[in-house]
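Notes follow the structure.
These numbers come from a predicted model, not from an experiment.
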Amino acid sequence: MYLKTILCLANSRKPPSGRCIAGKEFEGNKVGKWLRPVSARPSHEVSEEERRYENGIKAQLLDIVSVPLIQVAPFDHQVENHVLDDKFYWTKTGTANWNQVVSCVDAFDPAFWANSQCTQHGQNDKVAEANVVRAGGSLKLISVSDLEVVVQVEDGFQGNQARRRVRARFTLNHTPYFMSITDPEIEQAYLVRGDGKYPIGVAALCVSLVEIWNGFAFRVVASLITPQRCAQINGH
């Protein structure tokens, strides 16, 4: 077993009933590599039990947390994966502020954003399986200034029932993007507000290239972080 301390930059929903948690190594305000703790199960999701601290509280977005791990376990393009050691509790050591989040923003990486294709409802939100290995990884934290959250009804895949979806529209390096949001707190907050367009403006977004499905890896917004959300989480 070995320990890694990460600043949690993503705590998104992941089938069948768990979370995808990811962050950057963070020791004494020094920012390191991306790391995604995953379970040893084939579905790789982190269960509610596995992300629970010894005091019963669950690991959350912006927690600075020490995670017990067993081994590095890259899976396809998700080279950041480490298998967690479920015999030990995770330990929270702090909560990140906005300045610390900004310090984790990645420089623009042309390889990660190349080979974009569009889903039926999205824009530049998927990469073909044959090209995804060239992305060089599966996680980026980006800074945007024109974020808009959109809630809309979308047709289901292959005739499935239409569902209401929450998406993020933004521009990065002069290219427009429109991606599904898998940050559960943001999804809930905007679904209850009704269908529509909600301008946000400045935000940090964790964009994840999820596991390959049906020949593609889809880009999703795994977390939406604003200065206001940071202040709220920190009790200000």
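One hydrophobic cluster, built from ILVMFWY side chains closer than 4.5 Å, holds both Val65 and Val46. Residues Trp34 and Val207 are members of separate hydrophobic clusters, defined by side-chain heavy-atom contacts under 4.5 angstrom among Ile, Leu, Val, Met, Phe, Trp and Tyr. Ile200 and Val102 are not part of a single hydrophobic cluster, where members link through side-chain heavy atoms under 4.5 Å apart. Clustering ILVMFWY residues whenever any of their side-chain heavy atoms sit less than 4.5 angstrom apart, transitively, puts Leu84 in the very cluster that holds Ile6. Linking ILVMFWY residues whenever their side-chain heavy atoms come closer than 4.5 Å, directly or via other members, leaves Val133 and Phe75 in distinct clusters.
The nearest pair of heavy atoms linking Ile233 to Leu61 is CD1-O, 4.1 Å. For Asn11 against Arg19, the heavy-atom pair with the smallest separation is OD1-NH1, 3.1 Å. A pairwise comparison of heavy atoms in Ala204 and Val101 identifies CB-CG1, 4.0 Å as the closest pair. The two atoms that bring Cys206 and Leu139 nearest to each other are SG-CD2, 4.1 Å, heavy atoms only. Contact record, Phe26 with Ile64: CE2-CD1, 3.9 Å, taken as the closest heavy-atom pair. When all heavy atoms of Gln78 and Leu209 are compared, the closest pair comes out as NE2-O, 3.1 Å.
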Criterion side chain to side chain contact (heavy atoms under 4.5 Å, CB included) on Val202 and Thr226, from CA distance to verdict: CA-CA 7 Å; Val202 173; Thr226 63; over 6 Å; no
Evaluation steps, side chain to side chain contact (heavy atoms under 4.5 Å, CB included), between Gln123 and Ser116: CA-CA 9 Å; Gln123 191 169 18; Ser116 299; over 6 Å; no
Test log, rule side chain to side chain contact (heavy atoms under 4.5 Å, CB included), inputs Ile212 and Val132: CA-CA 9 Å; Ile212 294 167; Val132 73; 4.0 Å; yes
ring-ring contact (aromatic ring centres under 6.0 Å, His included) evaluation trace for Tyr89 with Tyr53: CA-CA 6 Å; Tyr89 286 111; Tyr53 299 129; 8.9 Å; no
From CA spacing to verdict: side chain to side chain contact (heavy atoms under 4.5 Å, CB included), Asp195, Arg164: CA-CA 8 Å; Asp195 296 349; Arg164 297 177 66 228; 2.8 Å; yes
Lys4/Glu27 under salt bridge (charged side-chain N to carboxylate O under 4.0 Å, His left out): CA gap, chis, key distance, verdict: CA-CA 9 Å; Lys4 291 285 188 180; Glu27 296 282 357; over 6 Å; no
CA sep, side-chain torsions, deciding dist, call: Ser43, Glu45, side-chain hydrogen bond (donor to acceptor under 3.5 Å, both in side chains): CA-CA 6 Å; Ser43 48; Glu45 87 285 5; 2.4 Å; yes
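With a 4.5 Å cut-off on side-chain heavy atoms, Cys104 and Val31 count as touching. No side-chain heavy atom of Phe108 sits under 4.5 Å from any side-chain heavy atom of Ile142. Taking 4.5 Å as the limit, every side-chain heavy atom of His82 sits out of range of all side-chain heavy atoms of Val38. Between Asn97 and Cys230 the shortest side-chain heavy-atom distance does not fall below 4.5 Å. Residues Arg219 and Val127 form a side-chain contact, since some pair of their non-hydrogen atoms from C-beta on lies under 4.5 Å apart. For the pair Leu69/Val83, no side-chain contact is recorded, criterion being any heavy-atom separation below 4.5 Å from C-beta on. At least one side-chain heavy atom of Glu50 sits less than 4.5 Å from a side-chain heavy atom of Ser39. No side-chain heavy atom of Ser180 sits under 4.5 Å from any side-chain heavy atom of Val166.
The stretch residues 89-112 participates, sequence neighbours left out, in these salt bridge (charged side-chain N to carboxylate O under 4.0 Å, His left out) pairs: Lys24-Asp106, Asp63-Lys92, Asp109-Lys140. Among residues at least two apart or in separate chains, ring-ring contact (aromatic ring centres under 6.0 Å, His included) pairs with a member in residues 179-232 are Phe157-Trp213, Tyr190-Tyr198. Judged as a salt bridge (charged side-chain N to carboxylate O under 4.0 Å, His left out), the pairs with a partner in residues 222-235 (not counting sequence neighbours) are, in order, Asp183-Arg229, Glu185-Arg229.
Listed by chain and number, the residues in a side-chain contact (heavy atoms from CB on, under 4.5 Å) with Gln152 are His121, Val150, Glu154, Arg167, Phe178 (sequence neighbours excluded). Asp125 meets the side-chain hydrogen bond (donor to acceptor under 3.5 Å, both in side chains) test with Thr119; sequence neighbours excluded.
In this structure, Gln60 CD and Thr95 OG1 are separated by 10.0 Å, a value rounded to the nearest 0.5 Å. Rounded to the nearest 0.5 Å, atoms CD1 (Ile57) and CH2 (Trp90) are 15.0 Å apart. Taking CG of Leu205 as the start and CD1 of Ile225 as the end, the distance is 8.5 Å to the nearest 0.5 Å. How far CG of Asp76 is from OG of Ser138: 10.0 Å, rounded to the nearest 0.5 Å. Summarising the geometry, atom CG belonging to Asn124 is positioned 9.5 Å from atom CH2 belonging to Trp113; distances are rounded to the nearest 0.5 Å. Distance check: Leu191 CG to Ile181 CD1 gives 9.5 Å after rounding to the nearest 0.5 Å.
Checked by atom type, the side-chain pair Asn29/Gln100 shows a donor-acceptor distance below 3.5 Å.
In this structure, Arg163 places its CZ atom where only 12 or fewer heavy-atom neighbours from other residues, nucleotides or ligands lie under 6.0 Å away. A 6.0 Å sphere centred on CD of Gln188 holds no more than 12 heavy atoms belonging to other residues, nucleotides or ligands.
Grouped with Met1 in one hydrophobic cluster are Leu3, Phe88, the linkage being side-chain heavy-atom contacts under 4.5 Å among Ile, Leu, Val, Met, Phe, Trp and Tyr residues.
With hydrogens and angles disregarded, no donor-acceptor distance shorter than 3.5 Å links the side chain of Ser145 to the backbone of Gly201.
The existence of a salt bridge linking Arg13 and Glu187 is confirmed by a sub-4.0 Å separation between a basic side-chain nitrogen and an acidic carboxylate oxygen. With respect to Glu25 and Lys33, no salt bridge is recorded, no charged nitrogen being found less than 4.0 Å from a carboxylate O. Contact check on Glu80 versus Arg36 returns a salt bridge, with a Lys/Arg side-chain nitrogen under 4.0 Å from an Asp/Glu carboxylate oxygen. Between Lys58 and Glu49, no side-chain nitrogen of the basic residue sits less than 4.0 Å from a carboxylate oxygen of the acidic one, so the salt-bridge criterion is not met.
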